[in-house]
Protein chains: 2
Amino acid sequence: MNQPAPPPRRTTLADVARESGVSVALASIVMRGAEGASEASRLKVKAAAQALGYRPDSRARALRSLRSGLLGVSLRLDEPFHAELVDEIYAAAEEHGYEVVLGAVGKHRSEARALEGLADSGCEAILAIAASGTRAELAAVDAGLPLVSLLREVPGIDSVCTDDASGMDQAVAHLVGLGHRRIFHLDGGDAVASAERRSAYLAAMERHSLGDLARVLPAGADEREGAAAAGRLLADPRHPAPSALVVFNDRCALGVVDALERAGLEVPADISVVGFDDSQFARLAHIGLSSVRQDVAALARAAIERAVARLAGQGPGLQWHAPALVVRNSTGIAPVS
Amino acid sequence: MNQPAPPPRRTTLADVARESGVSVALASIVMRGAEGASEASRLKVKAAAQALGYRPDSRARALRSLRSGLLGVSLRLDEPFHAELVDEIYAAAEEHGYEVVLGAVGKHRSEARALEGLADSGCEAILAIAASGTRAELAAVDAGLPLVSLLREVPGIDSVCTDDASGMDQAVAHLVGLGHRRIFHLDGGDAVASAERRSAYLAAMERHSLGDLARVLPAGADEREGAAAAGRLLADPRHPAPSALVVFNDRCALGVVDALERAGLEVPADISVVGFDDSQFARLAHIGLSSVRQDVAALARAAIERAVARLAGQGPGLQWHAPALVVRNSTGIAPVS
DNA sequence: AGCAGAAACTAGAACGTTCTAGAAGGATCG
DNA sequence: CGATCCTTCTAGAACGTTCTAGTTTCTGCT
């Protein structure tokens with residue numbers, strides 16, 4: 001077999017030190033911008049580093065210093081909305097001087113493995129986006145190093161979430177304001193946050209004295225499940241047709257809108273649809289979907305701040321972020337019936 | 001300010017060794033499953049590790065051994081198709097005994113930074129998905145450690161791509177077989193692979209003696225740009241309406257289909273549409289989009305194999321993977337004109 | 001000139017692991 | 001019974017960095 005060629009040993013701090021005629025310790029001081037070096041040596045060392053193409057070895061650095069400066073983030077690869085969040089997390093982490101390490105969850109990689117991997121790679125804390133693990137599993141991770149749950153409230157664990165109750169309330173209020181009364185909810189099945197949104201919807205309907213008209217229909221988290229649910233809805237003779245739908249998330253809502261239009265209904269003339277997330281993704285989608293916007297940047301920032309606070313010795317907390325309804329073209333006044 | 005609490009030092013190999021009454025070296029042997037330990041000590045050490053909740057520190061491990069066992073992967077967060085590829089890469093990497101480190105590119109993080117980050121974290125090689133950097137930039141990275149470019153052919157750099165020419169040819173052939181002649185291409189603008197697909201389209205049209213009917217219209221890589229391009233197409237009186245469109249990718253095609261249907265055209269009765277990628281994402285989307293499928297698993301596997309080969313001293317190469325047209329409901333026989 | 005105090009610098013240990021080289025303890029064999 | 005060979009085990013160096021505890025050099029002041 002082919003013997004792996006010995007890699008051309010990367011240049012080390014010792015090389016830089018030798019080249020610039022100073023000690024390794026001083027070179028280290030210069031490279032990490034600590035104080036205690038004269039301007040003259042700073043220049044010398046930096047020049048040498050530049051010349052040799054020196055790049056500090058982050059593993060060695062992390063190994064020695066207690067702080068690794070690493071923040072782990074677990075996310076589902078197949079959720080575009082998570083990706084948006086991660087992008088903001090990068091920005092927020094940088095401001096706090098942290099590097100981000102990603103742990104992907106997908107068909108071929110379980111959440112448990114992802115979290116394990118993050119812990120092993122020396123992260124100081126972990127942000128878990130829409131973690132699906134049980135409370136006990138997450139608590140076990142949290143025992144090892146601070147865990148912040150994003151988009152899902154987990155009792156006993158630091159959580160940063162959107163206030164689904166407020167979001168649902170805004171959606172329902174908006175529709176009621178347009179004259180709708182028969183407002184149904186298509187839920188997210190067993191997706192994270194589905195239960196919360198479901199009960200938030202019921203509470204909102206109750207609050208508008210429409211409790212007896214409330215209906216929850218099972219749907220899911222993606223386009224196909226949305227389209228399927230819309231199909232079932234139209235075919236089902238048991239209940240009178242709704243004039244508006246509040247859907248678990250944007251992807252599902254997109255499927256719903258599409259299925260409705262295919263069936264010959266006009267959105268919003270015949271039926272209004274509200275999504276949830278206001279994902280970039282849904283904004284792109286031609287259809288101007290009215291949606292409950294989660295403040296991605298604020299969520300990201302808050303999550304990082306919670307992690308930093310935990311690292312500073314603070315206990316876990318729970319944070320709600322207010323969403324804001326964004327009205328576009330998928331909602332309109334209720335048809336006269 | 002709040003002083004960071006001293007983290008509760010994680011248990012180390014030395015702890016395990018002490019607990020089980022053996023040397024650190026032996027404990028190491030057991031933990032990494034190397035040979036040279038008796039069954040008895042294996043049991044002892046494993047038990048102790050279990051009891052103490054020991055988890056090896058991957059940084060220390062990587063620092064010492066020449067092989068880090070790490071493979072870096074850069075990807076765009078806002079491209080769901082990249083996510084699919086990454087998931088397969090996880091699977092393939094595992095088979096080869098490698099761990100995957102992700103380097104995300106997004107609004108707040110440039111590709112250069114992502115690649116730098118991967119190199120610094122000690123990856124042995126890097127897979128860059130749809131790298132946007134110039135040839136020189138990528139060559140510079142490749143000088144440091146093996147780089148494999150996925151989805152984009154970069155001269156002089158190891159590349160694993162889909163054979164766009166074949167894909168386009170299948171798409172055009174399929175449409176021609178259905179009686180279409182006026183087949184236009186909506187391109188990807190400045191997206192990676194856009195130029196390749198554009199010329200592949202032109203070549204395919206030529207091959208079917210339809211060169212003089214070929215038209216390339218500027219579009220883009222996402223839904224909105226697709227919808228916009230479709231709008232422009234319908235409004236433009238300069239050329240006779242096409243009976244079929246071959247679109248840069250699925251996302252764009254979805255926007256196109258939607259805009260066409262909104263404009264009152266029926267797909268495929270009035271006009272056929274073919275996408276490219278056959279992304280999971282597009283498959284979900286209710287609309288059954290006919291699309292040129294890139295073999296994600298094969299691409300992932302091949303990329304990993306190239307990386308491993310490079311690590312074993314082999315020179316860079318170029319690999320084409322044959323795509324396969326998947327016919328669904330967005331293509332049909334040409335309308336009589 | 002002498003001295004204190006700061007500023008600049010350095011030797012060497014440490015981080016947690018793997019790896020090399022070799023030591024101890026049996027077996028096997030002539 | 002001594003030599004030879006496994007097998008099992010261990011001490012200690014090494015990886016590239018940071019950190020601690022000095023040591024040297026500079027500066028200003030009497």
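All chains are named by letter (A, B, ...) in the order of the sequence lines, taking the proteins before the strands, and each is independently numbered beginning at 1.
A residue-by-residue look at B/G21 and A/A27 shows that B/G21 has its nearest nucleotide of DNA chain D further toward the 5' end. Looking at which nucleotide of DNA chain D each of A/Y54 and B/L26 is closest to, the 5′-most match is held by B/L26.
Taking CD from A/E111 and CD1 from A/I129, the interatomic distance works out to 11.0 Å, rounded to the nearest 0.5 Å. Between the CG atom of B/L75 and the CG atom of B/L77 there is a distance of 5.5 Å, given to the nearest 0.5 Å.
The interatomic distance linking A/E39 (CD) with C/dA7 (P) rounds to 15 Å, in whole Å.
Taking the centre and axis of the six-membered ring of A/F81, the NZ or CZ atom of A/R76 falls outside the cone set by 45° and 6.0 Å.
Contact annotation for B/S28: base contact, defined as any heavy-atom pair under 4.0 Å involving a base atom. Note on B/S58: nothing from the nucleic acid sits closer than 4.0 angstrom, heavy atoms only. Across all strands, B/A62 comes closer than 4.0 Å to no nucleic acid atom at all (heavy-atom distances). Counting non-hydrogen atoms under 4.0 angstrom, B/S65 reaches the backbone sugars and phosphates but no base. Contacts of A/A37 with the nucleic acid, taken as non-hydrogen atoms under 4.0 Å apart, involve only primed sugar atoms and P, OP1 or OP2.
Shown here is B/E99, whose CD atom has no more than 12 heavy atoms of other residues, nucleotides or ligands within 6.0 Å.
Across A/H96, A/E95, A/E88, a single residue satisfies side chain to side chain donor-acceptor pair (under 3.5 Å) together with A/R301, and that is A/E95. Test B/L102, B/V73, B/I126 against B/L118 for side chain to side chain contact (heavy atoms under 4.5 Å, CB included) and you get one pass: B/I126.
Here the side chain of A/S74 pairs no donor or acceptor atom with the backbone of A/G103 at under 3.5 angstrom.
Salt-bridge check for A/D120 with B/R61: failed, with every basic side-chain N at 4.0 Å or more from each acidic carboxylate O.
Two end axes, each from the C1' atoms of five base pairs, can be drawn for the helix from C/dA1-D/dT30 to C/dG30-D/dC1; they diverge by 60°, to 10 degrees.
Here chain A contacts DNA chain D (any atom closer than 4.0 Å to a heavy atom, that is under 4.0 Å), and the contacts span D/dG16 to D/dC19 from 5' to 3'.
Residues forming a salt bridge (charged side-chain N to carboxylate O under 4.0 Å, His left out) with A/R113 (at least two apart in sequence, or on another chain): B/E94.
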